Each structure stands twice: as structure tokens, then as C-alpha cells.
Amino acid sequence: MKIAVGSDHGGLQVKDAVIALLAGRGHEVIDAGTNGTASVDYPDFGEKVAEMVSRGEADQGVLACGTGIGMSIVANKFPGIRAALVTDEFMARMSREHNNANILVLGGRVVTPETAVELVAAWLDAAFEGGRHQARLDKIAVLEKQACGGAGA
Ligand code: RB5
């Protein structure tokens with residue numbers, strides 16, 4: 001699977017740990033930056049990852065900033081993106097099983113890199129349950145189209 005990963009300075013350590021996990025699992029990883037500790041603006045990096053997933057240039061995405069909140073707001077502006085900010089394994093698993101999240105968002109000042117890796121693994125290992133949950137995602141896609149006129153993946 002092709003997975004795009006991005007962060008600002010607040011999520012840098014989490015990003016690097018997640019990239020190591022994904023590469024170790026044999027995924028094709030696109031590192032969208034940032035790649036230094038200098039203060040940067042999270043929308044610039046959230047945009048890169050969300051756009052790639054929205055356009056189908058990446059299958060999934062992982063984003064990290066200090067809290068994960070800013071990256072969530074950015075990513076969910078893009079058509080077809082279901083970005084989920086998670087802080088524990090239950091949320092990570094449910095974000096796949098019920099919400100079929102295509103971008104996982106983490107807070108580098110909320111979870112350790114070690115925990116972040118566990119959350120990404122739980123999300124990747126879970127399976128979307130479909131059924132009534134698909135019907136709910138269909139409703140979200142309709143809302144997106146009504147609100148934004150978006151194509152909605
Ligand atoms: C950067 O200081 C911080 O605001 C950012 O990483 C993130 O937490 C925003 O939501």
C-alpha cells in the first residue's frame with residue numbers, strides 16, 4: 001500500500017517513528033515533510049498528504065502536529081477525506097471499523113512516538129465493517145457534495 005505521511009515540527013518525532021513502522025511493514029511511504037525542527041505551518045503539510053489521498057495518488061495518509069487538531073481540520077477540507085484524530089487503540093481501531101478513516105491523525109505532544117506506532121498498527125490491522133457504517137459514510141458523502149459540490153471519493 002502507498003501511504004503518505006506528513007507533520008509539522010510538533011509531530012516530527014511521531015512522523016519519523018511512523019515512517020519506520022510503515023517501511024518495516026513493506027509499505028511504499030511518501031514523506032511529505034517537514035524534515036527539520038524549525039517551526040512550520042501545519043496546513044502546508046496537511047495539504048500535501050490530504051491532496052494525495054483525495055486524488056488517489058496515495059491509498060492512505062498519516063498526519064501529525066502538536067495536538068493533531070490542526071491537521072484534522074485541514075485534512076477534512078479535502079473531498080473524500082475521512083481524517084480521524086485518535087489518542088488510544090480503541091479509537092484507532094474504530095476509526096477503521098466504523099468510519100473507514102483514510103487518514104489517521106496523531107498529536108506529537110499528546111502521544112509518544114511508541115504509542116503513535118501502536119495506534120497506526122491498530123488502524124492498519126483493523127477492517128472496515130461496511131453495512132450500516134457504509135450507509136452512514138454515504139450520508140457524509142452526500143453532505144459533502146451538498147456543502148462543497150465536491151466529487152467525494
Ligand atoms: C504548533 O505550535 C501547533 O499549533 C501545531 O503543531 C498543532 O498543534 C496545531 O493544531
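All ligand and atom numbering here is 1-based and tracks the order in the structure. Since we're looking at a predicted model, the values are computed, not measured. Here, residue 1 is the first one in the sequence, and each next residue gets the next number.
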Check: Could Arg55 and Glu51 be called an ion pair, given the rule that one side-chain N must be under 4.0 Å from one carboxylate O?
Finding: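 Yes, this pair counts.
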Margin query: I'd like to know if Arg25 pairs up with Asp125 as an ion pair, taking the criterion as any Lys NZ or Arg NE/NH1/NH2 lying under 4.0 Å from an Asp or Glu carboxylate oxygen.
Written below: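 Salt bridge present between Arg25 and Asp125.
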Please report whether ligand 1 has a polar contact with [X], defined as an N or O pair separated by less than 3.5 Å (distance criterion only).
{"X": "Met71", "result": "no"}
{"X": "Tyr42", "result": "no"}
{"X": "Gly70", "result": "yes"}

Next item on the list: Would you indicate whether the side-chain heavy atoms of Ile103 and Val49 approach each other to under 4.5 Å?
Entry: yes
Next item on the list: Would you indicate whether the side-chain heavy atoms of Thr34 and Ser7 approach each other to under 4.5 Å?
Entry: yes
What is the nearest protein non-hydrogen atom to [atom], stated with its residue, atom name and distance?
{"atom": "atom 8 (O) of ligand 1", "value": "Thr67 N, 3.0 Å"}
{"atom": "atom 3 (C) of ligand 1", "value": "Arg109 NH1, 3.8 Å"}
{"atom": "atom 5 (C) of ligand 1", "value": "Asp8 OD2, 3.2 Å"}

Checklist line | Shared hydrophobic cluster, Val53 / Leu104 (ILVMFWY, side-chain heavy atoms < 4.5 Å) | finding: no
Note to self: Test salt bridge (Lys or Arg N to Asp or Glu O under 4.0 Å) on Lys15 and Asp8; report intermediate values, then the result.
What the structure shows: CA-CA 9 Å; Lys15 177 175 75 75; Asp8 71 355; over 6 Å; no
Check: Should you measure from each heavy atom of Gly66, which atoms of ligand 1 turn up under 4.0 Å away?
Finding: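 The atoms of ligand 1 under 4.0 Å from a heavy atom of Gly66 are 5 (C), 6 (O), 7 (C), 8 (O).
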Item checked: Region of His9 that comes within reach of ligand 1 [heavy atoms, distance under 4.0 Å] -> side chain
